[in-house]
Amino acid sequence: MKKIVINGGKRISGKITISGAKNSVVALIPATILANDVVTLEGVPDISDVESLIEIMEIMGAKVERHREEGRLVIDTRSVVSRPLPYGKINSLRASYYFNGALLGRFGQATVGLPGGCDLGPRPTDLHDKAFKALGARKLQQEEAEHLEVIGDHLVGTTIYMDMVSVGATINTMLAASRAKGLTVIENAAREPEIIDVATLLNNMGAQVRGAGTDTIRILGTDTMHGAQHTVIPDRIEAGTYLALAAAMGDGVVIENIIYEHLESFIAKLEEMGVRMTIREDSIEVHKSENLKAVNITTVPYPGFATDLQQPITPLLLQTKGRGWIVDTIYEKRVNHVPELARMGADISVLEDRIIYEAPNELTGNQVKATDLRAGAALVTAGVIAQGKTEITNIEFILRGYDHIIEKLTAVGVDIQLVDL
Ligand code: EPZ
């Protein structure tokens, strides 16, 4: 077991390069099962969620060649068989539910352990089940796994209205529908960039997906699919995390390998605070920014302010002048970072449905624990800002989604180490 130790309070400068998107690659890897061929993924981030997914793929019989340094995965799924997946492995990450959609699409059945993931409050999968049922599958609840099987010879396309905007349910339905008979229409679909990324791979593998990125997606099922090459889009949440850090402590930090459109609502909030930036084709330079203004944040589905960025931006909010609040309409219980930040001297608390803060705050290093992925990222940023030493435990959460975070922060002047507990 290890912990992260940061000696904070120092300004930072230099360049941070953003890696491939975690929330895209965790769907792209299971999606390769549909190809029944060889698929090459480029720009794959070096994060533990990718390790877990590779292990599961190999248990199912896939052959995975990993070129870690180059960020390349060559995945051959011709020898994949649909067998019950190990609960222990499955429950480590929420995205394991994508195996349901991929296996159902290719084999007409799937037995996958119940998904896990960060504790953000209840994380049901009823919308996924409703979509699979509409396509002609039934679900048999086994003790720690869900068994899905198609009734009849194959899944049949239909129109599915999503009661809530759901990234996972939208992607999972696209996966299953890509091999169903006929046309599937997803109404009230989520519009996140990761959905477009998965649709791009599916189409390169021979599927016919139209409308990804809008709230109506049409999938015309195909009998066979084939191999492809695909480069993962940059991680907009990693980018937002480092933009917030640069705004708080930077004297000229360039964040490169970003897609501006994926960050528009986040950048608009930084500008509202008074953060000074130069926006270029695929990078943003954050200049030294002072006298920032406190702002309010409400998270909503894309293209609005992302729920995954409300925790990482909070340490920056604590350096502004004034009072503000944050309402997370996606996960109202996504507040586990608040008491940890308060232990570092932050004037922040949860009041009914919102997080309220008063700034500016002198943050002081302390021993804190990561409770989930983005809460952990917020504590890293707070540790860089705080005077003195911050020790963060439970860092496996952070390593799930931030590729080479120690190296990237060290390169811009942060005194940060990974040490044994
Ligand atoms: C994805 O989770 C992301 N994870 C999350 O990122 C992100 O916060 C979330 O989308 C944003 O919507 C991955 O892509 C692996 P949802 P997902 O289905 O798909 C409710 C991170 O930090 N819901 O869009 O699980 C749900 O409870 C992670 O990288 C149902 O009620 O989220 C939530 O309130 C955290 N029934 C809302 O919908 C369902 O069947 C949106 O969830 C599914 C979801």
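Every number for a ligand or one of its atoms is a count from 1 in the order of the listing. By convention here, the first residue in the shown sequence is residue 1.
For Arg218, the CZ atom sits in a loose shell: 12 or fewer heavy atoms of surrounding residues, nucleotides or ligands are nearer than 6.0 Å. Heavy-atom contacts from other residues, nucleotides or ligands closer than 6.0 Å to NZ of Lys133 number 12 or fewer. For Glu332, the CD atom is loosely surrounded, since the number of other residues' heavy atoms within 6.0 Å does not exceed 12. For Lys293, the NZ atom sits in a packed shell: over 12 heavy atoms of surrounding residues, nucleotides or ligands are nearer than 6.0 Å.
Of all the heavy atoms of Asp308, the ones lying under 4.0 Å from any atom of ligand 1 belong exclusively to the side chain. Within the 4.0 Å heavy-atom criterion, the part of Lys22 lying near ligand 1 is the side chain and not the backbone. Counting heavy atoms under 4.0 Å from ligand 1, residue Ile330 touches it through both backbone and side chain. Here Leu127 has heavy atoms under 4.0 Å from ligand 1 in both its backbone and its side chain. With a 4.0 Å cut-off on non-hydrogen atoms, Tyr97 touches ligand 1 through its side chain and not its backbone.
Taking only nitrogen or oxygen atoms, main chain and side chain alike, Val26 does not reach within less than 3.5 Å of ligand 1. Residue Asp126 has at least one nitrogen or oxygen atom sitting less than 3.5 Å from a nitrogen or oxygen atom of ligand 1, judged on distance alone.
The closest donor-acceptor contact from the side chain of Asn203 to the backbone of Val209 lies under 3.5 Å. Without hydrogens or angle criteria, Ser283 side chain to Ile255 main chain gives no donor-acceptor distance under 3.5 Å. Thr314 contributes a side-chain N or O that, together with a main-chain N or O of Gln310, makes up a donor-acceptor pair within less than 3.5 Å. Between the side chain of Glu192 and the backbone N or O of Tyr302, at least one donor-acceptor pair lies under 3.5 Å.
Using a cut-off of 4.0 Å between Lys/Arg side-chain N and Asp/Glu carboxylate O, Arg66 and Glu51 are scored as salt-bridged.
Of the protein's heavy atoms, Ser166 OG, 2.7 Å lies nearest to atom 18 (O) of ligand 1. From the protein, the heavy atom lying nearest to atom 32 (O) of ligand 1 is Tyr331 OH, 3.1 Å. Distance from atom 2 (O) of ligand 1 to its nearest protein heavy atom, with residue and atom name: Arg123 NH2, 3.5 Å. Closest to atom 12 (O) of ligand 1, if we only count protein heavy atoms, is Val167 CG2, 3.8 Å. Atom 20 (C) of ligand 1 has as its closest protein heavy atom Met164 CE, 3.8 Å. In terms of protein heavy atoms, atom 25 (O) of ligand 1 is closest to Arg94 NE, 2.6 Å. What sits closest to atom 22 (O) of ligand 1 on the protein, heavy atoms only, is Arg374 NE, 2.9 Å.
Between His128 and Tyr97, the ring-plane angle classifies as tilted under the 30° and 60° cut-offs.
Between the choices Asn172, Asn23, Asp372, Thr307, the shortest heavy-atom distance to atom 15 (C) of ligand 1 belongs to Asn23. The heavy atom nearest to atom 39 (C) of ligand 1, out of those in Ser24, Ser96, Ala377, Pro124, is found in Pro124.
Partner of Trp325 under the side chain to side chain contact (heavy atoms under 4.5 Å, CB included) criterion, chosen from Ile297, Thr298, Val295: Thr298. Of the residues listed (Thr77, Leu201, Leu73), the one engaging Val39 in a side chain to side chain contact (heavy atoms under 4.5 Å, CB included) is Leu201, and it is the only one.
For ligand 1, the atoms closer than 4.0 angstrom to any heavy atom of His128 are 40 (O). Below 4.0 Å from some heavy atom of Gly168 lie the following atoms of ligand 1, by number and element: 18 (O), 19 (O). Short contacts between ligand 1 and Thr125, defined as distances under 4.0 Å to a heavy atom of the residue, involve ligand atoms 39 (C), 40 (O).
Residues Arg191 and Thr214 bring no donor and acceptor atom of their side chains to less than 3.5 Å of each other.
Within the structure, ligand 1 lacks Gly401 among the residues with a heavy atom less than 4.0 angstrom away. Close to ligand 1: Arg334, with a non-hydrogen atom less than 4.0 angstrom away.
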